[in-house]
Amino acid sequence: MKIATFNINGIKARLGALLEWLDEARPDVALLQEIKSVDAAFPRQDIEDRGYEVALHGQKSFNGVAILSRFPLEDIQRGLPGDDGDDHARWIEATVVGKARALRLCGLYLPNGNPAPGPKFDYKLAWMERLRVRAQELLAAEQPALLGGDFNVIPQDEDAARPDAWRKDALARPESRAAFRRIVNLGYTDAFRARHPEPGQYTFWDYQAGARRRNDGIRIDHMLLTPQAADLLRDTGIDAHLRDREKPSDHVPLWVDLDLDG
DNA sequence: ATGACTACGCCACGTAGA
């Protein structure tokens with residue numbers, strides 16, 4: 001089962017690019033971030049026509065996450081537990097039922113956190129602590145599960161073309177990296193890094209200053225697997241070529257292929 | 001480099017992104 005994550009930076013601006021990618025990459029599941037749309041305005045029919053079930057957690061103008069799936073989704077939950085006052089649409093989870101096994105999917109859009117320090121950075125770190133608690137619960141279940149999405153964290157220096165330029169940024173500050181490590185160190189596998197140790201592999205390039213042309217990118221979209229999911233990992237990759245098309249998102253899709261058939 | 005670019009919405013220019 002091919003499972004992808006893609007920060008589309010606005011469904012209204014990206015519908016054509018999204019449909020084109022679905023038709024050619026044919027992911028079984030797509031976790032979307034930054035749909036920037038309320039549920040009622042989401043072009044559900046265009047996606048259902050391609051054989052996908054659509055689960056939404058939208059918001060006006062900003063944020064918003066979704067799960068698209070060719071396999072049935074069960075037990076859909078919206079919102080990351082731990083703060084009833086948090087009204088940002090940044091978390092959706094569901095169980096996808098494959099031919100032989102089920103997988104718990106968590107789609108997330110982690111707060112950017114800039115400027116740092118400041119209240120937005122405090123919100124980011126608090127959100128990551130809530131994520132750690134949920135991640136620990138998922139591990140305790142000892143089942144295949146996946147945390148996928150835009151983490152807005154550059155885990156290590158090799159995940160940026162110019163690490164020094166990000167040193168004081170909320171995406172790479174020591175506090176952000178430590179919070180990310182605390183989650184991974186619970187027992188998760190960073191699927192892409194496990195299979196691609198080479199540098200220069202990114203999922204985001206700024207729109208400005210020819211960043212894509214110069215491969216001045218960062219790796220901030222991630223798929224973290226529980227041990228039971230990591231044992232099913234067949235392959236993983238980044239669809240970087242989408243960044244070179246007309247009207248691209250500033251992020252590109254990251255995917256994993258998990259053997260849920262046997 | 002206080003720059004650049006893109007999406008969004010009170011449709012004009014401020015907010016947010018990363």
Side-chain angles (χ1 to χ4, degrees), chain A residues 5-21 31-43 56-66 86-91 107-125 127-128 131 148-177 179-180 192 200-222 238 240 242-254:
Chain A
T5 175
F6 189 8
N7 179 325
I8 59 173
N9 189 15
I11 187 61
K12 296 176 192 68
R14 214 70 60 212
L15 180 59
L18 174 66
L19 296 179
E20 190 175 19
W21 170 70
L31 309 174
L32 304 182
Q33 302 87 41
E34 283 207 273
I35 64 174
K36 297 186 177 180
S37 164
V38 294
D39 293 1
F42 192 87
L56 298 171
H57 184 32
Q59 179 177 347
K60 187 179 179 180
S61 302
F62 306 114
N63 308 321
V65 289
D86 182 3
D87 59 357
H88 289 203
R90 296 180 176 276
W91 179 269
L108 66 98
Y109 175 46
L110 207 149
N112 174 301
N114 281 305
K120 291 191 173 184
F121 191 55
D122 295 341
Y123 172 63
K124 175 178 193 152
L125 296 178
W127 203 95
M128 293 185 80
L131 174 58
D150 177 359
F151 281 70
N152 269 319
V153 174
I154 302 167
Q156 301 184 160
D157 278 1
E158 58 260 44
D159 298 312
R162 295 183 302 125
D164 287 341
W166 297 93
R167 203 72 67 192
K168 293 181 178 176
D169 192 281
L171 276 61
R173 288 180 73 99
E175 302 94 321
S176 306
R177 288 181 166 179
F180 183 82
F192 185 82
Q201 307 297 303
Y202 310 124
T203 64
F204 171 93
W205 297 262
D206 200 290
Y207 287 121
Q208 305 182 61
R212 170 60 183 164
R213 177 171 41 77
R214 297 183 288 112
N215 197 26
D216 180 10
I218 50 179
R219 194 175 71 93
I220 55 175
D221 299 87
H222 306 296
I238 297 171
L242 260 70
R243 188 64 179 78
D244 299 319
R245 295 186 175 171
E246 291 294 312
K247 261 177 79 82
S249 171
D250 39 9
H251 296 250
V252 294
L254 162 72

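These figures come from a predicted structure and were not determined experimentally. Here is how names work: the chains are called A, B, and so on, in the same order as the sequence lines, proteins then strands, and each is numbered from 1.
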Distance below 4.0 Å between [X] side-chain N/O and [N] OP1 or OP2:
X      : N      : result
A:H251 : B:dA18 : yes
A:N9   : B:dT6  : no
A:K120 : B:dG17 : yes
A:Y207 : B:dG3  : no
A:K124 : B:dG17 : no
A:K247 : B:dA7  : yes

> Which comes earlier along DNA chain B counting from the 5' end, the contact point of A:L171 or that of A:K12, where each point is its nearest nucleotide?
Replying inline: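 Checking each residue's closest nucleotide, the 5'-ward one belongs to A:K12.
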>> What is the separation between atom CD on A:Q208 and atom P on B:dA18, rounded to the nearest whole Å?
In response: 13 Å
Base, sugar-phosphate, or nothing for [X], non-hydrogen atoms under 4.0 angstrom?
X      : value
A:F151 : nothing
A:D169 : nothing
A:A209 : base
A:N7   : sugar-phosphate
A:D150 : sugar-phosphate

Can you tell me, in whole Å, how much space there is between the [atom1] of [N] and that of [M]?
N      : M      : atom1 : answer
B:dG14 : B:dA4  : P     : 14 Å
B:dC13 : B:dA1  : P     : 31 Å
B:dC11 : B:dC5  : P     : 26 Å
B:dA7  : B:dA12 : C1'   : 14 Å
B:dT2  : B:dC8  : P     : 29 Å

> Would A:D157 and A:R177 pass as an ion pair if we require N to O under 4.0 Å?
Replying inline: yes
>> Counting C-beta onward and ignoring hydrogens, is there a side-chain heavy-atom pair between A:I218 and A:D159 closer than 4.5 Å?
In response: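 Counting from C-beta outward, A:I218 and A:D159 never come under 4.5 Å.
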> Does a distance-only test, which skips hydrogens and angles, find a donor-acceptor pair under 3.5 Å between the side chain of A:N112 and the base of B:dA18?
Replying inline: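 When only heavy-atom distances are counted, A:N112 does reach the base of B:dA18 through a donor-acceptor pair under 3.5 Å.
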